[in-house]
Number of protein chains: 2
Amino acid sequence: MPKQSTLATTESVDDYLKAILELGGAEASQVTTNALAGRLGIRTPSVTGMLQKLALQRPSLVVYEKHRGVRLTAAGKRRAWELVRHHRLLELFLHDVLKYSWDEVHEEAERLEHFISERFEDRVAAILGDPEIDPHGHVIPQKYEAGVLRDEVPLARWPLGTPATISSVSDRSAAALRELERLGLMPGVALTVERRNAAGSHSIRLGAHTEPIRVSSDLAACVLVAAPVTALS
Amino acid sequence: MPKQSTLATTESVDDYLKAILELGGAEASQVTTNALAGRLGIRTPSVTGMLQKLALQRPSLVVYEKHRGVRLTAAGKRRAWELVRHHRLLELFLHDVLKYSWDEVHEEAERLEHFISERFEDRVAAILGDPEIDPHGHVIPQKYEAGVLRDEVPLARWPLGTPATISSVSDRSAAALRELERLGLMPGVALTVERRNAAGSHSIRLGAHTEPIRVSSDLAACVLVAAPVTALS
DNA sequence: AGCCAATATTAGGCATACCTAATATTACAT
DNA sequence: ATGTAATATTAGGTATGCCTAATATTGGCT
Ligand SMILES: [Mn+2]
Ligand SMILES: [Mn+2]
Ligand SMILES: [Mn+2]
Ligand SMILES: [Mn+2]
């Protein structure tokens with residue numbers, strides 16, 4: 001059991017760390033001030049100020065290079081992945097135990113993820129049977145582990161005519177989630193992209209269905225796909 | 001369905017409202033600056049400042065008279081009782097569903113009570129079967145209702161030799177709760193106070209037991225008792 | 001009535017985390 | 001190599017909610 005002294009972070013700091021993780025992508029590349037401001041819904045000077053303060057702290061959570069961007073230190077990554085674990089465990093718990101619909105879970109999880117204790121995290125994981133996937137198809141990181149970054153691509157970049165499976169969907173827009181559910185676009189569903197249309201929309205053939213459905217580019221942006229799994233293990 | 005626009009309160013304001021409710025007692029009498037500072041663990045000038053700001057707000061949550069004290073308005077009472085409902089529902093949920101022990105629930109509930117949504121409150125109440133009593137014997141207020149103020153008195157003030165039942169115990173000290181459990185002093189337990197000793201401790205005879213146990217005055221202060229219920233309805 | 005201790009308020013500061021306006025840096029395009 | 005648009009930083013300000021030190025009010029006691 002490694003010493004994981006959960007260093008005190010505020011809700012704001014948490015949100016910065018998570019945003020840096022999510023924007024940095026698999027390569028954990030530097031994230032710009034602008035990108036953070038956009039994602040967090042605040043102004044760039046606020047971001048600069050916060051990054052400067054964060055970078056001064058010991059032990060530091062981020063490495064900040066003026067005018068260059070910011071990336072997470074090992075400690076920053078650990079906290080960010082912990083928040084992702086909280087978020088996804090909470091979403092699954094709200095969905096499976098408290099019977100929230102899949103478009104209702106995100107907002108509540110986004111708030112509570114900052115405030116639950118280690119014990120709460122552990123007990124929720126236990127009653128869910130140490131789950132691996134959240135209601136939107138996202139991988140739930142294991143405790144003290146950096147999360148898995150899967151080989152999934154946005155639906156808009158999947159080649160025409162090639163079979164795919166929906167790997168996950170974005171949890172950020174409740175309206176999009178309701179629409180996806182109505183159309184049957186949920187994790188695990190098989191599909192083929194038939195055609196791309198002028199306005200950026202896609203014609204999709206779902207699993208067994210015969211006629212394709214039309215999916216707007218905004219909605220398609222919420223869907224990540226991967227090659228179908230050949231055999232279930 | 002009355003219009004209950006949950007006016008925005010911060011965690012700090014919430015804590016003031018709850019403290020005013022708890023210190024004001026059944027008569028909802030005025031609460032002093034000093035008492036609030038003591039209960040909240042902050043200094044008196046901070047309390048004065050907060051009360052002045054709160055009293056200015058519209059719609060106002062408190063009525064503040066300089067040098068006289070503060071009391072809750074109807075809106076303030078509504079929010080305070082809502083927090084008490086959150087707190088007690090959460091404690092029961094943590095205890096019954098997440099298998100927390102009764103000395104672990106308070107701290108977590110104290111934090112989460114500020115952040116759960118109406119939906120969360122409703123769903124937790126539903127899976128618990130609209131419960132009425134929390135793990136420490138406290139009455140859970142119903143939705144949109146001021147809580148019941150029961151006819152219970154501190155153990156230290158119960159007359160010698162008169163049968164009593166433990167009505168509830170304080171949830172604020174985890175150490176005290178562990179000790180109470182060890183001694184079998186839990187809600188619903190019948191007892192008689194045999195004797196009061198010099199140092200302020202009490203000799204208590206529990207239900208069927210023959211030899212009395214010794215309870216320190218600190219511990220006794222955590223126990224509230226009432227006359228035994230004559231018939232269960 | 002007047003004094004004193006307890007209680008409360010005012011005055012002035014600090015940390016967090018935002019904001020707008022002004023200025024500086026970077027990097028691309030010619 | 002240099003101008004310019006995009007990006008970022010600095011400067012200065014606000015609101016919240018706490019702090020200590022200094023001052024004022026209250027109410028009980030002689
Ligand atoms: Mn958040
Ligand atoms: Mn999710
Ligand atoms: Mn609280
Ligand atoms: Mn309780």
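Within every chain, numbering begins at 1; the chains are lettered A, B, ... in the order of the sequence lines, protein sequences first and strands thereafter. Computed from a predicted structure; not experimentally measured.
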(request) Rounded off to whole Å, could you give me the CD-to-C1' distance for the Glu11(A) and dA15(C) pair? (result)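 Checked: the CD to C1' distance equals 17 Å.
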
(request) Give the intermediate values and the outcome of side-chain hydrogen bond (donor to acceptor under 3.5 Å, both in side chains) for residues His106(B) and His87(B). (result) CA-CA 8 Å; His106(B) 177 76; His87(B) 183 93; 3.1 Å; yes

(request) For DNA chain D, note the earliest and the latest nucleotide, 5' to 3', having some atom under 4.0 Å of a heavy atom belonging to chain A. (result)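 So the contact region on DNA chain D extends dT7(D) to dT10(D).
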
(message) On DNA chain C, compare the nucleotides closest to His67(A) and Glu65(B); which residue's is nearer the 5' end?
(response)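 Of the two residues, Glu65(B) wins.
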
(request) For a salt bridge (Lys or Arg N to Asp or Glu O under 4.0 Å) with Glu110(B), tell me which candidate from Lys18(B), Arg88(B), Arg172(B) qualifies. (result)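 Only match with Glu110(B) under salt bridge (Lys or Arg N to Asp or Glu O under 4.0 Å): Lys18(B).
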
(request) Flag yes if more than 12 heavy atoms outside Glu121(B) fall under 6.0 Å of its CD atom; otherwise flag no. (result)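 Yes, the 6.0 Å shell around CD holds more than 12 heavy atoms from other groups.
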
(request) Kindly state which residues belonging to residues 42-61 of chain B come within less than 4.0 angstrom of DNA chain D, counting heavy atoms of the residue only, listed by number. (result)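 Output list: Ile42(B), Arg43(B), Pro45(B), Ser46(B), Met50(B), Lys53(B).
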
(request) Scan residues 31-39 of chain A against DNA chain D and write down, sorted by residue number, each residue with any heavy atom closer than 4.0 Å; if none is found, say none. (result)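 Thr32(A), Thr33(A), Asn34(A), in order of number.
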
(request) Check salt bridge (Lys or Arg N to Asp or Glu O under 4.0 Å) between Arg195(B) and all other residues, then give those that pass, not counting sequence neighbours. (result)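 Result, salt bridge (Lys or Arg N to Asp or Glu O under 4.0 Å) vs Arg195(B): none returned.
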
(request) Could you list the residues that satisfy side chain to side chain contact (heavy atoms under 4.5 Å, CB included) with Ala175(B), not counting sequence neighbours? (result)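 Partners of Ala175(B) by the side chain to side chain contact (heavy atoms under 4.5 Å, CB included) criterion, ordered by chain and then number, come out as Ser173(B), Arg178(B).
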
(request) Using side chain to side chain contact (heavy atoms under 4.5 Å, CB included) as the criterion, list what pairs up with Lys53(A), not counting sequence neighbours. (result)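 For Lys53(A), the residues satisfying side chain to side chain contact (heavy atoms under 4.5 Å, CB included) (neighbours in sequence not counted) are Met50(A).
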
(message) Over 60° means perpendicular and under 30° means parallel, so tell me whether Phe120(B) and Tyr100(A) are parallel, tilted or perpendicular.
(response)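 Answer is perpendicular, since the angle exceeds 60°.
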
(message) Distance alone, cut at 3.5 Å: any donor-acceptor contact between the side chains of Asp15(B) and His114(B)?
(response)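 Yes, side-chain donor-acceptor contact under 3.5 Å.
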
(message) Does either side chain, that of Glu104(A) or that of Ser101(A), offer a donor lying less than 3.5 Å from an acceptor on the other one?
(response)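 A pair is found: one side chain offers a donor N or O, the other an acceptor, under 3.5 Å apart.
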
(message) Quick check on dT16(C): is either OP1 or OP2 less than 4.0 Å from any side-chain nitrogen or oxygen of Ser12(A)?
(response)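 Ser12(A) to dT16(C) OP1/OP2: no side-chain N or O under 4.0 Å.
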
(request) Go through Asp171(A) and His136(A) one step at a time and tell me if the side chain to side chain contact (heavy atoms under 4.5 Å, CB included) criterion holds. (result) CA-CA 6 Å; Asp171(A) 57 4; His136(A) 309 111; 3.1 Å; yes

